[in-house]
Every structure is written in structure tokens, then in C-alpha cells.
Amino acid sequence: MRFRFCGDLDCPDWVLAEISTLAKISSVKMKLLCAQVLKDLLGDGIDYDKVTKLTADAKFESGDIKASVAVLRFIFSSAAKHDVDSESLSSELQQLGLPKEHTTGLCKSYEDKHSALQGKLRETSLRLGRLEAVSWRVDYTLSSSELMEVNEPIIQLKLQTQGAESGSTETTVVSVSADKFRVLLAELKQAQTRMNALQ
């Protein structure tokens with residue numbers, strides 16, 4: 001069976017398995033657990049001590065707690081990614097075996113944070129490194145130990161980039177022949193033209 005919150009695909013087996021784990025806690029604690037997971041997805045961090053207390057009466061072990069948080073993260077982020085409304089999400093989760101009281105609390109939390117969650121997902125998706133600096137020089141080789149006359153220019157490009165995840169700066173040095181540099185320059189100009197057309 002296909003589910004909208006899974007991108008019109010079958011629900012992953014691990015999600016099916018963990019839905020039965022979620023059903024073991026009360027609907028009130030489920031809503032509080034959802035609030036913690038949504039807080040984490042929005043970048044405010046999760047309070048694992050609070051999560052442990054919420055799941056204590058269901059006698060969750062460490063693995064069950066982590067699995068419950070993971071399945072809720074998947075449900076919220078996947079539903080927001082595929083722009084699923086709370087009614088459809090509620091219906092689909094009930095089809096997967098989550099009790100109605102639990103889905104009501106989950107979907108209410110999801111509905112309250114839907115637009116903020118989509119904004120956060122947009123902000124964090126497809127993060128690429130940033131080009132910090134470019135320097136270049138042309139070396140003109142007149143001759144070498146192997147050839148008397150070379151007469152060939154070589155372009156040295158030095159690129160400094162900042163990593164998307166780490167934020168650290170990395171330096172890459174590239175040497176290209178004049179012909180390859182002309183091709184590179186033409187392709188970069190073509191890419192810039194296309195990018196400007198999209199704006």
C-alpha cells in the first residue's frame with residue numbers, strides 16, 4: 001500500500017515495527033514526546049532526560065526510546081517534505097495501526113509546526129560548500145630537462161572553499177593547460193548565464 005507521507009511509496013518496515021512501540025505509551029505522553037521531537041527538528045535540541053521520563057511508565061529501554069524518536073522524526077520530516085495535511089497523515093497512521101488518540105495528538109502537534117518545519121527543512125536541504133577565495137597565476141614553461149623547447153602556458157588555480165557541514169576552510173590547487181582553461185572558462189560562463197536566467 002502506498003502512503004502520501006512516504007512520498008507515495010510503501011511505508012518502510014522499520015516504521016511499521018516502531019508504530020507498535022509508540023502505541024505502548026499514553027496519548028498524552030505521546031503528544032509531549034512529539035513536542036520534544038519537533039523542537040529537535042526545528043533546531044532547538046531535544047531533552048533526552050524528559051524523553052526518558054515520558055517513556056518510563058511504558059518501560060522503554062534505551063533502544064526503544066531511540067527508535068521512537070527516530071520514527072517520529074521520520075514521520076514529521078517526511079510528511080512536511082511531501083506537504084501532507086494533518087487529516088491525511090492521521091488517516092494513514094491509523095491505517096498503519098497507530099491508535100486514534102495517538103494520531104490526534106501527533107497530528108495536532110504536526111499541524112501547529114507544519115510551516116515552521118517546512119521552512120527549516122528548506123533551509124537545511126541541499127547545503128553546499130561556499131567558495132571563499134580564488135587566486136590564479138600563469139606559469140610559462142620555456143624548456144625542461146626533457147625537452148629543449150616547451151613554450152606552453154600552465155594556469156595555476158587556487159580555490160579556497162568552506163565546507164557546508166564543518167565550516168572549515170579547505171584549499172585546492174589545480175594546474176590546467178591553456179586549452180583546458182579556455183574550456184573551463186567557457187563552461188563556467190555558460191553555467192552563470194543559465195543561473196542568471198533562473199533568477
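The nearest pair of heavy atoms linking Asp139 to Arg137 is OD1-NE, 3.0 Å. Across all non-hydrogen atoms, the minimal contact from Gln36 to Asp47 is OE1-N, 3.0 Å. Ala23 and Leu98 get closest at one heavy-atom pair: N-CD1, 4.3 Å. Minimum heavy-atom separation, Glu18 to Ala67: OE1-CB, 3.2 Å. Nearest heavy-atom pair across Cys6 and Cys11 is SG-CA, 3.8 Å. In plain terms, the two heavy atoms of Asp10 and Met1 that are nearest each other are OD1-O, 2.7 Å.
Residues Phe181 and Val174 are not in side-chain contact: their nearest non-hydrogen atoms beyond the backbone lie 4.5 Å or more apart. Taking the side chain as every heavy atom from C-beta outward, Thr169 and Thr161 never approach each other to under 4.5 Å. Counting only heavy atoms from C-beta outward, the side chains of Ile65 and Thr52 approach each other to under 4.5 Å. Between Phe3 and Asp8 there is no side-chain heavy-atom pair separated by less than 4.5 Å. Looking at heavy atoms from C-beta onward, Tyr140 lies out of side-chain contact with Ile154 at the 4.5 angstrom threshold. The side-chain heavy atoms of Leu106 and Leu72, taken from C-beta on, include a pair separated by under 4.5 Å. Annotation: side chain of Lys113 is not in contact with side chain of Ser109 (no heavy-atom distance under 4.5 Å).
Val134 belongs to a hydrophobic cluster whose remaining members, ordered by chain and number, are Leu131, Leu159; membership requires side-chain heavy atoms of ILVMFWY residues under 4.5 Å apart, directly or through intermediates.
Taking CD of Glu111 as the reference point, atom CG of Leu89 lies at 10.5 Å (rounded to 0.5 Å). Distance CG/Asp44 to CD1/Ile46: 11.5 Å, rounded to 0.5 Å. If you take CG on Leu32 and OG1 on Thr55, they are separated by 11.5 Å, rounding to the nearest 0.5 Å. Once rounded to the nearest 0.5 Å, the distance linking CD1 of Ile75 with CZ of Phe5 reads 5.5 Å. A distance of 11.5 Å separates CD of Gln162 from CD of Glu170, quoted to the nearest 0.5 Å. Rounded to the nearest 0.5 angstrom, Gln95 CD and Ile19 CD1 are separated by 11.0 Å.
Within the structure, side chain to side chain donor-acceptor pair (under 3.5 Å) pairs that include any residue of residues 173-185 comprise Gln156-Ser175, Asp179-Arg182 (at least two apart or interchain). Pairs passing the ring pair (Phe, Tyr, Trp, His ring centres under 6.0 Å) check and including a residue from residues 39-92, sequence neighbours excluded, read Trp14-Phe74. Sorted by first then second residue, the side chain to side chain donor-acceptor pair (under 3.5 Å) pairs that include residues 57-80, not counting sequence neighbours, are Lys29-Asp57, Asp40-Arg73.
For Lys31, there are no salt bridge (charged side-chain N to carboxylate O under 4.0 Å, His left out) partners, not counting sequence neighbours. With sequence neighbours excluded, the residues that form a salt bridge (charged side-chain N to carboxylate O under 4.0 Å, His left out) with Glu123 are Lys120.
With respect to the salt-bridge test (charged N to carboxylate O, under 4.0 angstrom), the residues Glu132 and Arg130 qualify. Using a cutoff of 4.0 Å between basic side-chain nitrogens and carboxylate oxygens, Lys108 and Asp112 are scored as salt-bridged.
Counting only N and O atoms by type, the side chains of Gln94 and Ser90 include a donor and acceptor under 3.5 Å apart. For the residue pair Thr193 and Asn196, no side-chain donor N or O sits within less than 3.5 Å of a side-chain acceptor on the partner. Counted by atom type alone, Ser27 and Glu101 present zero donor-acceptor pairs between their side chains at under 3.5 Å.
The closest donor-acceptor contact from the side chain of His114 to the backbone of Ala79 lies at 3.5 Å or more, if one exists at all.
Under the 4.5 Å side-chain heavy-atom criterion for grouping Ile, Leu, Val, Met, Phe, Trp and Tyr, Val183 is not connected to Trp136 through any hydrophobic cluster.
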Verdict with supporting geometry, Val173 and Leu157, side chain to side chain contact (heavy atoms under 4.5 Å, CB included):
CA-CA 6 Å; Val173 178; Leu157 291 172; over 6 Å; no
Taking it one step at a time, do Arg194 and Leu198 satisfy side chain to side chain contact (heavy atoms under 4.5 Å, CB included)?
CA-CA 7 Å; Arg194 287 185 181 172; Leu198 292 173; 5.8 Å; no
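The environment of Gln160 atom CD is dense: over 12 non-hydrogen atoms of other residues, nucleotides or ligands sit within 6.0 angstrom. Summarising the local packing, CG of Asp13 is surrounded by 12 or fewer heavy atoms from other residues, nucleotides or ligands at distances under 6.0 Å.
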